[in-house]
Q: 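Shown below is the structure under consideration.
Side chains included, hydrogens not; waters and symmetry mates left out as well; all remaining heavy atoms used. So you know, we letter chains A, B, ... as the sequences are listed, proteins then strands, and number each from 1.
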Number of protein chains: 2
Amino acid sequence: MDEEISTRDRIINTATRLFQLQGYHATGLNQILKESNAPKGSLYYYFPKGKEELALECINLTEVLVEKTIREKLVKIDDPVESIRNFIEEIIGNTNLEKNEKLSLNSIKIVSVNLIALETSSTNETLRKACQSAFNTWRNVYTEKLLEGGFNKEKAETLGMVIESMVEGAIVLSLTTKSDTPLLKIAEQIPFILDQ
Amino acid sequence: MDEEISTRDRIINTATRLFQLQGYHATGLNQILKESNAPKGSLYYYFPKGKEELALECINLTEVLVEKTIREKLVKIDDPVESIRNFIEEIIGNTNLEKNEKLSLNSIKIVSVNLIALETSSTNETLRKACQSAFNTWRNVYTEKLLEGGFNKEKAETLGMVIESMVEGAIVLSLTTKSDTPLLKIAEQIPFILDQ
DNA sequence: TTCTATATAGACTGGTCATTATAATTTTGG
DNA sequence: CCAAAATTATAATGACCAGTCTATATAGAA
């Protein structure tokens with residue numbers, strides 16, 4: 001009980017949050033260390049290659065964490081159309097599991113690699129590929145659910161990508177407009193889009 | 001003839017390209033000045049409030065430029081479904097108007113405020129609102145086209161937002177995966193989505 | 001000419017960046 | 001209890017950051 005969170009984990013948790021919230025370039029190592037109450041020496045002890053190695057770890061952990069979250073949500077409802085629609089609606093009120101978040105919109109950003117992906121897509125191949133892997137993994141969860149629901153392979157793959165595009169785009173719009181509406185609207189349209 | 005491009009315009013053009021390609025925080029004023037062959041004195045002469053004021057101008061100009069581009073494309077085909085589908089396909093091979101761009105994917109980024117929007121959505125209200133205005137303007141072009149095509153007001157507004165979400169999301173995925181596929185796939189699905 | 005506004009030129013500021021090096025400390029195993 | 005390993009502490013590095021400042025043109029008007 002009362003298990004201590006290791007310095008390494010505190011660094012990763014804080015870094016993940018800040019990278020996703022502010023971006024890779026706007027987040028300084030000093031800020032990460034201060035907010036995680038970690039000493040500077042420790043950062044380069046656990047991540048000898050520095051900031052990029054830390055960010056890579058953050059992206060990879062987000063990939064598996066979000067994949068797990070999507071799977072858990074989708075498994076709750078058999079019908080793929082209804083389960084996906086329901087999942088998108090739940091993105092909004094979702095991540096208040098983390099206690100210290102005030103705006104639910106910030107919570108949305110914290111389960112996304114959208115910003116880091118765009119920042120690094122033309123300047124850092126290592127991080128770009130990590131984000132690419134995350135997007136592929138998440139898209140694949142939708143595709144699998146559609147396959148289980150009886151869609152043929154080609155349709156399931158295309159629609160998986162369409163859903164992933166819509167979700168990522170609606171996240172951008174919801175964050176930029178500080179409004180739930182984009183996410184709610186695409187959730188509302190899921191039944192029509194998948195009715196093929 | 002042989003009209004000289006003013007220093008102010010050279011700064012704006014270079015800054016717009018770099019902000020959209022690398023992001024707001026990753027782009028330094030020195031890089032902008034060097035690539036536009038402009039002196040530092042001029043930057044603060046034309047933009048006394050500095051980097052933020054420059055970025056604001058870049059976003060606002062992108063808003064009207066992209067709006068104009070979308071309108072020009074959509075007007076070419078009467079049927080809203082077909083015209084929007086066609087437009088999305090054309091985003092890919094689109095902006096080779098600018099001569100010095102090599103990758104067509106970079107061209108995509110250069111007509112987007114996606115990255116700046118995410119970077120500033122939780123840290124800079126001025127720039128966030130400028131991006132919000134751009135997204136709203138572009139979404140409204142789709143909505144208007146759907147209204148002209150006989151969709152009722154509510155449907156047109158919802159679907160306008162869905163299209164804008166899909167396009168922005170597919171841009172993120174296409175850039176991250178360095179592949180045209182996401183944009184092509186959503187274009188392919190437009191007829192089904194708008195068939196209501 | 002002289003005056004004034006517009007524009008360019010570049011050095012300089014204080015601060016922060018990621019990273020490195022080295023020393024001190026704590027923890028752990030024998 | 002000691003020695004080795006794991007971790008933390010601190011200082012300093014050079015590069016770059018946005019922004020300020022002063023000097024210098026350049027042009028048209030009086």
Side-chain angles (χ1 to χ4, degrees), chain A residues 2-59 115-116 119-120 122-128 130, chain B residues 2-59 115-116 119-120 122-128 130:
Chain A
D2 222 44
E3 182 73 15
E4 292 249 334
I5 303 165
S6 74
T7 302
R8 187 174 188 277
D9 286 348
R10 268 184 291 126
I11 291 174
I12 286 181
N13 290 341
T14 306
T16 301
R17 181 170 52 81
L18 292 176
F19 283 148
Q20 291 170 351
L21 206 61
Q22 308 174 335
Y24 181 74
H25 293 104
T27 301
L29 297 183
N30 289 330
Q31 188 188 10
I32 294 170
L33 294 173
K34 183 181 244 179
E35 295 199 19
S36 57
N37 289 314
K40 185 160 234 171
S42 300
L43 197 154
Y44 281 92
Y45 173 76
Y46 293 112
F47 306 96
K49 283 188 287 192
K51 191 179 185 181
E52 183 186 291
E53 188 183 1
L54 172 59
L56 184 62
E57 183 76 359
C58 293
I59 295 166
L115 171 50
I116 311 172
E119 276 186 294
T120 59
S122 49
T123 50
N124 186 315
E125 275 293 284
T126 305
L127 298 182
R128 192 210 109 234
Chain B
D2 222 44
E3 182 73 16
E4 293 251 335
I5 303 165
S6 74
T7 302
R8 187 174 188 277
D9 285 348
R10 268 185 290 125
I11 291 173
I12 286 181
N13 290 341
T14 305
T16 302
R17 181 170 51 81
L18 292 176
F19 283 148
Q20 291 170 350
L21 206 60
Q22 309 175 335
Y24 180 74
H25 293 104
T27 301
L29 297 182
N30 290 329
Q31 187 188 10
I32 295 170
L33 295 172
K34 184 181 241 179
E35 294 197 22
S36 57
N37 289 315
K40 186 159 240 173
S42 299
L43 197 155
Y44 280 91
Y45 174 75
Y46 293 111
F47 307 96
K49 283 187 287 190
K51 191 180 185 182
E52 182 186 292
E53 188 183 1
L54 172 59
L56 184 62
E57 183 76 358
C58 292
I59 296 167
L115 171 50
I116 312 172
E119 276 187 293
T120 60
S122 50
T123 50
N124 185 315
E125 275 293 284
T126 305
L127 298 183
R128 194 210 107 233

Q: Taking only the side-chain nitrogens and oxygens of Ser42(B), find out if one of them lies under 4.0 Å from OP1 or OP2 of dA9(C).
A: no
Q: Nearest 0.5 Å please: distance from the OH atom of Tyr24(B) over to the CD1 atom of Ile116(B).
A: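 Rounded to the nearest 0.5 Å, the OH-CD1 separation comes to 9.5 Å.
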Q: In Å, rounded to the nearest 0.5 Å, how long is the span from CD1 of Ile5(A) to CG of Asn37(A)?
A: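 Reported value, rounded in 0.5 Å steps: 11.0 Å.
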Q: I want to verify a distance call: between dA9(C), dT19(C), dT20(D), whose nearest atom is closest to the Leu29(A) side chain?
A: dT19(C)
Q: Rounded at 0.5 Å granularity, tell me how far CG in Leu54(B) sits from OG1 in Thr16(B).
A: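 The CG atom of Leu54(B) sits 7.5 Å away from the OG1 atom of Thr16(B).
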Q: Just to confirm, is there a sub-4.0 Å distance from OP1 or OP2 of dT8(D) to any side-chain nitrogen or oxygen of Thr7(A)?
A: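 For Thr7(A), the contact criterion (side-chain N or O under 4.0 Å from OP1 or OP2 of dT8(D)) is met.
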Q: Just call it for Gly41(B): base, sugar-phosphate, or nothing, with non-hydrogen atoms closer than 4.0 Å on any strand.
A: base
Q: Check each of Gln20(B), Arg17(B), Gln22(B) against Thr27(B) using the side chain to side chain donor-acceptor pair (under 3.5 Å) test, and report the only one that passes.
A: Gln22(B)
Q: In whole angstroms, how far is the C1' atom of dA18(D) from the CG atom of Leu54(B)?
A: 12 Å
Q: Base, sugar-phosphate alone, or nothing: which one does Lys51(B) contact when heavy atoms must sit under 4.0 Å apart?
A: sugar-phosphate
Q: Identify, between Asn30(A) and Pro48(A), the residue whose nearest nucleotide on DNA chain C lies closer to the 5' end.
A: Asn30(A)
Q: What is the distance from CD1 of Ile11(A) to P of dA9(D), rounded to the nearest Å?
A: 11 Å
Q: Measure OH/Tyr45(B) against C1'/dT24(D) and give the value in whole Å, please.
A: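 Atom-to-atom, Tyr45(B) to dT24(D), this comes out as 15 Å.
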Q: For Leu43(A) and dC17(C), what is the distance between atoms CG and C1' respectively, to the nearest whole Å?
A: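 Rounded to the whole Å, the gap is 13 Å.
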Q: What is the separation between atom OH on Tyr46(B) and atom P on dA5(C), rounded to the nearest whole Å?
A: 17 Å
Q: Just compare dA11(D), dA18(D), dT8(D) and give me whichever is closest to any side-chain atom of Lys40(A).
A: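 So the side chain of Lys40(A) is nearest to dA11(D).
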Q: Rounded to the nearest Å, what distance is computed from the CG atom of residue Leu33(A) to the C1' atom of nucleotide dA9(D)?
A: 12 Å
Q: Expressed as a whole number of angstroms, how long is the span from Arg8(B):CZ to dT8(C):P?
A: 12 Å
Q: The side chain of Pro39(B) lies closest to which of these nucleotides: dT8(D), dT8(C), dA11(D)?
A: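 Side chain of Pro39(B) sits closest to dT8(C).
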Q: Of the options Lys49(B), Lys51(B), Arg8(B), which is the one that meets Glu57(B) in a salt bridge (charged side-chain N to carboxylate O under 4.0 Å, His left out)?
A: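 Single salt bridge (charged side-chain N to carboxylate O under 4.0 Å, His left out) partner of Glu57(B) among Lys49(B), Lys51(B), Arg8(B): Arg8(B).
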Q: Expressed in angstrom and rounded to an integer, what is the separation of His25(B) atom NE2 from dC16(D) atom P?
A: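 In whole Å, dC16(D) P and His25(B) NE2 are 19 Å from each other.
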Q: Base, sugar-phosphate or nothing for Tyr44(A)? Non-hydrogen atoms, less than 4.0 Å.
A: base
